[in-house]
Structures are given as structure tokens and as C-alpha cells.
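Here is the structure we will look at, set down as C-alpha cells.
Below, chain A is the first sequence line, B the second, and so on; all start at residue 1. Since this is a predicted model, take the numbers as computed values, not measurements. Note: hydrogens, waters and symmetry copies are ignored here, and every other heavy atom, side chains too, is used.
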Amino acid sequence: MTETLPSRTSDLPAKWIPGEVEAGLYQRWVDRGYFEADPASGKPPFCIVIPPPNVTGSLHLGHAMDHTLIDILTRRRRMQGYDALWLPGMDHAGIATQNVVERQLAVDGKTRHDFGRELFVDKVWDWKRESGGAILGQMRRLGDGVDWTRERFTLDEGLSRAVQTIFKRLFDDDLIHRAERIINWCPRCHTALSDIEVDHHEDEGELVSIRYGDGDDAVVVATTRVETMLGDTGVAVHPDDERYAHLVGREIELPIVGRMIPVVADEHVDPSFGTGAVKVTPAHDPNDFEIGRRHDLPMPSIFNEAAVVMNSGTRFDGMDRFVAREAVREQLRAEGRIVAEKRPYLHAVGHCSRCDTVVEPRLSLQWFVKVTPLARAAGDAVRTGRTTIHPKELEKRFFDWVENMHDWTISRQLWWGHRIPVWYGPDGEVVCVGPDDEPPTGAGWHQDEDVLDTWFSSGLWPISTLGWPEQTADLQRYYPTSVLVTGYDILFFWVVRMMMFGLYAMDGRPPFEHVFLHGLIRDQFGKKMSKSRGNTIDPLALIDDYGADALRFTIARGSNPGADMSLSTEWVAGSRNFTTKLWNAVRFALGSGASPDLPVPPADRLTDADRWILGRLREVREQTDALLEDFQFAKATEALYHFTWDELCDWYIELAKPQLAEPELAEGTRAVLGHALDALLRLLHPIIPFVTEALWTGLTGGESVVITPWPVDAGAPADAAATARVEALQRLITELRRFRTEQGLPDRRSVAGRLVGLDDAGLAGHEPAIRFLTRLDAPSDGFAPTATVEVGLPGNGSVHVELDLSGAIDVAAERARLGRDLTAAQKELDQAEKKLGNPKFTQKAPAHVVDGIRARREAALADIERVTARLETLPSS
RNA sequence: GGGCGCGUAGCUCAGCGGGAGAGCACUCGGCUUACACCCGAGCGGUCGCAGGUUCGAACCCUGCCGCGCCCA
């Protein structure tokens, strides 16, 4: 190594310590504006909007997965010459954020009502400024290539204007209306919730069977919510149920309350379930509400907003629902009304997704979006292929969902959020006010007190962040966005709403061309991560310990379409090892004088190893392109991993070492190595941006790999002959190493040997490489071989190697080794002969398959012959 | 109850009609001037079970068992 190294190599430290470098690299990217989109650029646009994280949230592995995959897509498109925009931001998370601030107030024994609406909202903004949005800083740590100049927040002025605009339009189109219905109510948050904000899980409760009425009029009903009987206004049976035919139309007495309630016949009662009779509490159960409507039953509410019994006209008024449940049950028992009881009784119960309180169905006046026509349009967009869902298997779930979607409850009894733009007049007027309208003034006019569901604004995200309702340059250029990336568990939260609103607001143009749904991250045993299980992993801790690249690489490598992935610190450590491997490979290349600036010589002046690695590089590049276009992150990452470690490092670099020592080969080797690493670093950059940036700038002296073109013609067409010779070479070297290992030869001990038959095997020029990689010295004057190894090569050739081990070989070990080879060859032969002996196989199977089996038989026969002969020459032990 | 998906090496997962694979773990040998976050070699599987289709099944079909998710 007499050449002067290029000066730029001096910038490459001996070791890659991500924690010391990543933040600086990221800041440099941002400072230079690499991530800023430019609508005037003349390049084709590519746009992804972030599924907006919650302003109260911090980065968890689910985000890390979203962001890694999005960043891979965007960075690659940017390198491919697109005007790539990844637009960041957050949503205001109505309930969650209000909860955070209310908890702070509660420390001083205060509630939001002590401050009043305006002051309280100011306090929330204060909190947002001081503590909100931690996730934005964490995104920088991950390396997210987002355009910070376009960052948005759902409560920004522009986005709020979008909310008001669409509300007004939907209102005018009769797609938003106000109605008294049963909704999901959180008695702790004191607000309505939509269906998707309710999580159902199994709870221990009780199932109590109660006898209503007496004598011939007696009916037994069962319930898990005994206390609701205080609000019963009927009993329902199926019209065809003869057991109760005599009762229909009559009234029976409701225990405790003493009210007479009718028995009604309703088709929706399942006569085979329980006793076939159900109690009807129209104000506190969605099914009962429907029955009540059909039969015109009274609908008294017996709970206040905290789910405390009220207005029941009984002594239970003032009791919490769970206290009342037991108290009512005990009184029923005392009155001899309880027929049966199951306790504990496991059943699914709805919980508030924000605070886990048991949700109470509640009859109340709320605003709803009539989703049927909007959801149908969303379904059509996918059906007609204007939006493609990946993986395709999830389409069915999407269709099922949009076809069965219930009206969406959008009013929330909160203060933090977009206030509903509806004013009520003194004479019952209802006026919806658009963003440019003046709200009505005067005595008796007041605005609706409620705010909108956060997802009402998140649903507008793909259009509002681009400037809608204004026809901005960004909107015209980047809408529809290219891809939406999110977890399949979130499909219904954002994707459906974004689809509905985008189609509605943008004249039937859906908000994204592709929806890519990835799986969930689980722990190393495939278990879902959860705080209660204690198996969560903080992505920031992983970044601290192993670097952002290692986390990203792990995620990319595990992301198979439609499947969840497992992750543990060991997996991430493995990825860190990969970045280190890459680092060292480039260090070796630089130390050898490799450079992409050196011209790669024409094929006829390249070695087999050169041609082989250039062919493999082209194949891997093509593979990577095809896989990434198809969102197959795991396979693309795996292909690059395998190429880097198992081919480039384990073989090409090793073969390059003897080449570099040959003056006539050295320059070409430096060129090939420089060329291959340059391309490889670019291919890897979207996945592991930090280490590739450091290495690529070190290798090439270029400004930044971020803005460097994607390698489109790196490598060379595969050279089958060169590849075959390299594979034979690998086989020969591996077999010789195996012999050495099994003979117990220490790695560092050189052995003299003679290679016989290299010419016939086409490996004549490879003797230096073989000797270098197997520590085989040239035979000297006193060469006296004591052992022979014969290596069968692909293509049925073989090479003899005579070795001077300076002593007797370990015959037992050699017999064992050959015995294993013989067994394997015999098995191979048996399989092949069995097939070939079957006339149906030779007649029906395609010719190339039959030929393949014949070739395998020949190879096995040759192996057996060779190994047997060798075994016979061994002294008996 | 309805729908979807999964059961392949100790663990996590690829493979989805013609030679059972990877990473990690494990065993043995090595601090060989790119790398011990490494190198070399190796061990490890009636591909959940039972039928069927086929010349041929981990792969296609049917049933069963076990697990997970979504919706009621």
C-alpha cells in the first residue's frame, strides 16, 4: 500500500459512534434545505403526509415503524429525482390534551370550571407551547426527512378554517345534523365518544335474571346491568314466541319502581337467547332505544353525566351506577324477584379509549355526520382502483368497514378543539356559520358549546395541510398524495375519514394513490407490547444504545407485508453490527485506495471476482427497486444485507486482497470496489441514512448522499461463466477450510500444498486467492504430502489438493468427515433414482425438471465414487 | 356467532407445486494489519394433525386441533 490515500479519508474515524454524529448530520440536512419541497422545481411531485401524531404523545415503536417506512419511501424518491415532500405535524388530541391540563389543575384542587372556557383554553395553549409536541424532536433523532417549513397543527388558523369550511358544506348538504340519540358516553371525561373511541374487552360482571310481573303475567328477563331496570319502560318478546303471546299488549308491574310497563312484540328479539324476553331501557341501551322508538315507549334517563342515578324516583337516586347495581340487586333479592344469578360473569364491556372508564350508553343531543354516502364513495375509490390498498388482503376489511359504518358522533363536550360553528337564536333558529360569515349577534343568540371530534380535523389532514380550502400551489401540486403509511390497526381511525373528506372536498379525487398498511411491533416472543405486560421498549433508548440506523434497519428488515414483527434489543444490536460491518468495509476500501472516481475497466480486463460482484450488484439493485416499489421492505433490506455481508465483505473483499497485491489488477480492483460501495451506500441510504451519509461523503468527497441520484445503472450484466467460476472457487475454499477445521489445524497455521486440476476446473488464475484464503503455502523442496483432499465442484469437475501436514492426519476425523459426505451423497442419489425410476415422472414432468434430476444423479454418483475411493485409501483406524 | 390470518430449526420469521432457508441462540477453532459489534467451521427440522388432488405437496383442496386479530 504505497499510494497516498485520498485526503478525504482522513475524515473517516476508526469507529462509527452514532450518538456523536447523528444530530449534527441531521441539522446539516435541515440547514441546507434538503427536505424542503419546491413546487416550482419542475420535477415530478411525490408527497406523503404524516399520519398526525398526538400533541401529547411521545415516540413509541409504532411511530418509529411508520416513520422509518415513510422515510425510506421519501428519501428514495428524492434520490430518484422527485420533488419529494414529507409533510409533518400533529393533531390537537382533544380529550387527551384536556385531560393532561385538567390533571395539572387537579393538583391544586381546581377544575376547568374554576377558570372558565377562555382562560382554560389559554392554559392548554400554554401547555402546548411548553410541553407539547415532544415527538417532533424525537422525529429528528430518528432521522425523519420531513419538510419542517410546512409543519402543521390541526388547531392552526388555516386548518381551523378548513374545519369550519367543510362543516358548513356538509351542513348545507344535510350530511351533518343534530339529533337525540344513544351515544357512547364517558362518565369521567364527561363527553360523547365515537364508536372507535370505545375499546371492548372482557370484564367480570354479573348476569342476573329477574322476574317481572306476577302469576300468569310473570316474565323473566336477564341483565348484566341490574340498575338500569330503574329506567325500564317495557319488556319485549318475539312476535312468534307462543310462550309470551298471551302477554303481548298487556302491562306488567316493574319491581321496585312499581310502574306498569307494556309487553311489546318486536322482531329483533332473539327468542332462543335466554328466556326470550328482554327488558327495555330505551335511554341507556342502543338496542333498547330502537325498540323504544318502534313502540313509542317513554325514554326516561336515570343517570346524570357522571353516571350517578338520578330522577328514578327511588331511594337509589344519588348512588353511583356500580353502587346502585348491588343495591338494586339486593333489594330485588329481598323481594324474591331474583330467579338466577351468575357471578362472576365474563362479558365484553366498552371502555373509554382515553381513560378506560366503562362507557355508558346515553341518550343525548349530539351532532352527527351521515356517513353512508361518504363511506360509499370511499369504498368506490378503492373498488375502482383510484386508491390501492397494500397488502391487498386488507381490502376486504376496508370494504366491510365502510359498508357497515354507523353515523359518526362528532360533538364533544370539551373546550379544547374546534368549536362547532352553529349559533342558536332566541326563537329556536339554528344558523351554521361559514369561515367568512359573520355570526349572528343580538340578544338570545349563542354559539353551540361543544367542540368537534379531533378526527374531524385529522380527517381533513391530507387537504388542509396543503392549504385547502384555498387553491394553493401546494394543493394543486401535491394532491392527491402518493402514499399513506400507517398500521393496519389504524385503518379505520384515519384512513377512512381522510378518504371520506378528501373525496367530498376535492370533487371525488381521493387523498392518496396508495395506502400501505404495516403490521404491529411485538416483543421478542411475538407478544403485543403493553404497559401492563411490562414489555414495552422505548425507541429512544434503542437509538441511544445502538443508533437510529440500527433501529431503522431492524424495523425495515422485519416489515413483511400483512404481518406483525418481533423486535428486541438483540435484533437491534444485530443491526448495529451491520452498520459497523459496513463502516469497516468502507474503511478497508479507502485504505486500499478504492474510489468511485476511478473508471471501471472493460469486462475483458476484469477478474472473475470483479465481474461476479458487479453482476450481483446489478441484480441486487434491480431486486431492491422492484421490492421497494411493492412495499416489500423486509425483502429489500434482507437482499441488501445479504449482498453486503455475505457477498461483498465475505467474498469480494477477501478476493480483492490478493488482487490488490497484483500490480496489473490493483487499479481495476480499486475501481470496482469504489464503484460497488458508492452504489451500495446509495441503495442503503433510505434505510440507514446516517451511517451512509458519513461513509458516502468520506468515500466520494461529495456533498451529501441525500441529494445524490439513485443508482440506476450501477453494476454490470451478470456474467454466467465468471459467476460459475466464483461459485466453484467458493466451494473449493470452503471444502479446504472444512478439512482444516476437522483436522484440528489452527487457523493461523500455514500448510504446504499442491493444487492439482485447477486448469481443468477453469480455476487456473485463482491459485493465489485459494492459497490466500486457505492458508496454503506453495510446496517447497522437501514437499512430502501426507494427505489428499479431493473437492467436487459444481459442474462435476474436481480438484485434488495434496497437503503436507508434517505428520499423520487424524484418520478418525477424516473418516467422519467423508462418512457424512457419503451419507449426504447417497441420500441425494436415492432421491434422484426414485424419481427417475418412476415412468410417470419422466413422462409427465417438464423436461427441464427431469434433466435437473438427472444432473443431480450424476453429481451424486461422482461424489460417491470420489469419496468411496478416498475412504479406501485411508488407513484403517 | 360472522370474517380474516397464522401454526416451518431452541426463539423470531422467509419460502407457498419440483434439491428444507435466514437472523439470533448453541458447539468447536481463531485477537489472520477492514471489522472480536469480528473471522472460519459446524450442530439443529416426520414444515400442527388426518385425509385428498398430483408423476411430484411445507406449498393446492377438505376436515380437525391450537393461537391471534377484527366485527357482533
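- The phosphate of B/C39 has OP1 or OP2 within less than 4.0 Å of a side-chain N or O from A/Trp645.
- For the pair A/Leu648 and A/Asp564, nearest-nucleotide mapping onto RNA chain B gives the more 5' position to A/Asp564.
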Would you please test A/Asn577 and A/Tyr546 for side-chain hydrogen bond (donor to acceptor under 3.5 Å, both in side chains) and show each step?
CA-CA 9 Å; A/Asn577 295 353; A/Tyr546 302 106; over 6 Å; no

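- Applying the 4.0 Å criterion to OP1 and OP2 of B/G42, one finds that A/Arg738 has a side-chain N or O inside that range.
- Here the nucleotide nearest the side chain of A/Thr580, chosen from B/G40, B/C37, B/G15, is B/C37.
- For the P atom pair drawn from B/C35 and B/C49, the interatomic distance equals 48 Å after rounding to whole Å.
- One interatomic measurement links the two molecules: CG of A/Asp523 to P of B/U12, which rounds to 9 Å at whole-angstrom precision.
- Base pairing annotation: B/A41 forms a Watson-Crick or G-U wobble pair with B/U27, both donor-acceptor distances under 3.5 Å.
- Contact check, A/Ser566 against B/C13: a side-chain N or O comes under 4.0 Å of OP1 or OP2.
- Residue A/Ser568 places no side-chain N or O under 4.0 Å from the OP1 or OP2 atom of B/U12.
- Across B/C38, B/G3, B/U32, the shortest atom-to-atom separation from the side chain of A/Lys396 is found for B/G3.
- Between the side chain of A/Glu654 and the base of B/A34, a donor-acceptor pair under 3.5 Å is found.
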Could you go step by step and tell me if A/Phe633 and A/Phe516 meet the ring-ring contact (aromatic ring centres under 6.0 Å, His included) rule?
CA-CA 11 Å; A/Phe633 299 97; A/Phe516 175 71; 5.5 Å; yes

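- Pair assignment for B/C64 gives B/G48, based on Watson-Crick or G-U wobble hydrogen-bonding distances that are each under 3.5 Å.
- Comparing B/G23, B/G42, B/U32 by their nearest atom to the side chain of A/Arg557 picks out B/G23.
- Atom name C1', nucleotides B/G40 and B/U53: the rounded distance is 47 Å, in whole Å.
- Atom NZ in A/Lys840 sits roughly 10 Å away from atom C1' in B/U54 (whole-Å rounding).
- Atom P of B/C4 sits at a distance of 36 Å from the matching atom of B/G23, rounded to the whole Å.
- When each of A/Lys835 and A/Arg737 is assigned the nucleotide of RNA chain B with its nearest heavy atom, A/Lys835 is the one assigned upstream, toward the 5' end.
- A/His642 places its NE2 atom 14 Å from the P atom of B/C24, with the value rounded to the nearest Å.
- The phosphate of B/U32 has neither OP1 nor OP2 within less than 4.0 Å of any side-chain N or O from A/Lys657.
- Within a 6.0 Å sphere centred on NE2 of A/His268, other residues, nucleotides and ligands contribute 12 heavy atoms or fewer.
- Taking 3.5 Å as the limit, the base of B/C4 and the side chain of A/Arg397 contain no donor-acceptor pair of atoms between them.
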